[in-house]
Amino acid sequence: MTQNNILKGVFLVGLGATSYGMLATFVKMAYGEGYTTAEVTTSQFIFGIIGILMINAYQHNKNKGEVIKASRKNISQLMLAGSSTGLTSVFYYLAVKFDIPVSIAIVLLMQTVWMGVLLEWFLEKKIPSTIKIISVMIVLIGTALATNLINSNISLNPLGLFFGMLAAASFTTTMFTANRVATEISSAQRSLYMLLGGGIVVFIFAMISQIIPNYFPAFAEAIGVFATAQDYNFKIFLKWGIILSLFGTIIPPMLLNAGFPLTGIGLGSIVSSLELPVSVLMAYFLLHEQVLFVQWIGIILIILAIVIMNVRVKKN
């Protein structure tokens, strides 16, 4: 592989990771305008599905029908795998809703580093190498610093922390299955069917958390803090829907799917860790969230762990 292709891959993966890093800040800003988690997630997925449908149609016309079509088995597998994508969005946005700062929510999401090691160990019976174990320990130390848990005065909503960890678990599932299911078809088709699977999850969440509670107050009382008994605000589509879909469900998957084959998994994973500092900087500049020096040390440690885990030392 030529140096130019590797640089191109680094650029694509970096841009995709940067887009993901901006997402939580936009969600927090939408919350500030009174929009709900159900409105944010459904608008993102609806526009995302429309966008990916247009990309698929363009590729089909460009290649004059030569694109390999997904089989029924491919579609069912991808939609099942994509359900974790919908869960990741719901859990991640709920973490932000329950007063978890964006700078800490992204740190919680990055727990995929050690969760992925555990999942690989459990499913593929691969005992983690010494390097991976060291990396996991560095991630845990970095997380304690990045979330400022060493400060006894800090107060984080337990529900927010819970949903942040659930988001990391579902994101780990997405990452583990995304590159193992229906790899013979185009990335645009794979993205579409995974989005459709995630969309079903998101719409079920919207029904349970807002639409049904709005018409049945007793149901709203039953599910408590998760209910939003108000009319669905369709203005979300005009204000935030397109932005959220671009930065959450259209640009990142396409760029990452195009960039990773050029960089390889190791280098690609290192470059994709840009998502972490970008998310923190966005929260700092746009939301004016306080980020302490000790938290930056923790963030650097997490990135260092990702580098250590993925770097390959060539021996003479």
Side-chain angles (χ1 to χ4, degrees), residues 20 23-24 26-27 30-31 35-53 56 70 72-98 100 105 108-109 111-112 115-116 119 159-160 162-182 188-214 219-220 222-228 232-234 236-237 240-241 244-250 252-253 256:
Y20 265 139
L23 193 59
F26 294 143
V27 171
Y31 283 157
Y35 296 108
T36 66
T37 305
E39 292 161 357
V40 166
T41 51
T42 51
S43 64
Q44 176 185 327
F45 271 77
I46 287 173
F47 275 128
I49 290 169
I50 292 172
I52 296 295
L53 274 171
N56 272 278
R72 288 186 178 181
K73 182 180 179 181
N74 291 152
I75 293 172
S76 60
Q77 287 178 335
L78 286 168
M79 289 185 68
L80 182 61
S83 62
S84 62
T85 304
L87 287 172
T88 300
S89 294
V90 169
F91 293 147
Y92 190 36
Y93 298 168
L94 281 174
V96 175
K97 178 184 177 182
F98 287 110
I100 295 297
L108 295 175
L109 190 64
Q111 302 310 297
T112 52
M115 289 184 180
L119 189 62
L159 267 179
F162 175 69
F163 283 119
M165 294 302 290
L166 282 182
S170 58
F171 191 46
T172 302
T173 305
T174 300
M175 292 176 66
F176 195 81
T177 59
N179 294 318
R180 289 170 170 81
V181 177
Q189 286 187 82
R190 295 173 71 245
S191 297
L192 173 62
Y193 294 119
M194 289 186 73
L195 270 181
L196 288 172
I200 293 172
V201 171
V202 164
F203 291 131
I204 291 173
F205 169 75
M207 290 291 295
I208 293 173
S209 66
Q210 181 167 347
I211 296 172
I212 295 177
N214 188 40
F219 186 80
I223 62 175
V225 295
F226 301 103
T228 306
Y232 189 98
N233 189 349
F234 288 95
I236 184 74
F237 288 94
W240 290 105
L244 293 171
S245 64
L246 281 174
F247 287 95
T249 51
I250 298 177
L256 294 175

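All values derive from a computational prediction rather than experimental measurement.
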(message) Checking side-chain contact (heavy atoms from CB on, under 4.5 Å) between Thr37 and each of Phe98, Phe91, Phe205, which is the one that passes?
(response)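 Of Phe98, Phe91, Phe205, side-chain contact (heavy atoms from CB on, under 4.5 Å) with Thr37 is met by Phe205 alone.
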Would you please name every residue forming a side chain to side chain donor-acceptor pair (under 3.5 Å) with [X], sequence neighbours left out?
X: Ser245; result: none
X: Tyr93; result: Gln44
X: Thr42; result: Tyr232
X: Thr172; result: none

Measuring from [X]:[atom1] to [Y]:[atom2], what's the distance to the nearest 0.5 Å?
X: Leu196; Y: Thr85; atom1: CG; atom2: OG1; result: 11.0 Å
X: Ile46; Y: Leu195; atom1: CD1; atom2: CG; result: 12.0 Å
X: Thr41; Y: Tyr35; atom1: OG1; atom2: OH; result: 14.5 Å
X: Ile50; Y: Phe45; atom1: CD1; atom2: CZ; result: 13.5 Å
X: Ser83; Y: Ile200; atom1: OG; atom2: CD1; result: 9.0 Å

(message) What verdict does the side chain to side chain contact (heavy atoms under 4.5 Å, CB included) test give for Phe219 and Ile208, after you've listed the backbone C-alpha separation in whole Å, the side-chain angles of each residue and the deciding distance to 0.1 Å?
(response) CA-CA 9 Å; Phe219 186 80; Ile208 293 173; 4.0 Å; yes
Once side chain to side chain contact (heavy atoms under 4.5 Å, CB included) is applied, do any residues pair with [X], and if so which ones, sequence neighbours excluded?
X: Ser84; answer: Thr173, Thr174
X: Leu53; answer: Ile49, Leu192
X: Ser191; answer: Ile52, Pro253, Met254, Asn257
X: Met207; answer: Ile211, Ile212

(request) Give a yes or no on whether Tyr31 atom OH has more than 12 heavy-atom contacts from other residues, nucleotides or ligands under 6.0 Å away. (result)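 Yes, the 6.0 Å shell around OH holds more than 12 heavy atoms from other groups.
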Among residues at least two apart in sequence or on other chains, which ones pass ring-ring contact (aromatic ring centres under 6.0 Å, His included) with [X]?
X: Phe203; value: none
X: Phe247; value: Phe26
X: Phe237; value: Phe47

Distance-minimising heavy-atom pair for [X] and [Y]:
X: Gly48; Y: Thr249; answer: CA-OG1, 3.4 Å
X: Ala105; Y: Val96; answer: CB-CG2, 4.1 Å
X: Ile236; Y: Ser43; answer: CG1-OG, 3.5 Å
X: Ala30; Y: Val40; answer: CB-CG2, 4.1 Å
X: Gly164; Y: Ala95; answer: N-CB, 3.6 Å

Throw together a table of side-chain donor-acceptor distances under 3.5 angstrom for residues 75-82, partners on residues two or more places apart or in other chains.
residue : atom : partner : partner atom : Å
Ser76   : OG   : Arg72   : O            : 3.2
Ser76   : OG   : Lys73   : O            : 2.9

(message) For a 4.5 angstrom cut-off between non-hydrogen side-chain atoms, does Tyr92 reach Leu109?
(response)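 Yes; the side chains approach each other to less than 4.5 Å.
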(request) Return yes if some donor-acceptor pair links the side-chain N/O of Thr88 with the main-chain N/O of Phe171 below 3.5 Å, else return no. (result)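 Between the backbone of Phe171 and the side chain of Thr88 there is a qualifying donor-acceptor contact (under 3.5 Å).
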(message) Among Thr36, Thr228, Asn233, exactly one meets side chain to side chain donor-acceptor pair (under 3.5 Å) together with Gln210. Which residue is that?
(response)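 By the side chain to side chain donor-acceptor pair (under 3.5 Å) criterion, Gln210 pairs with just one of Thr36, Thr228, Asn233: Thr36.
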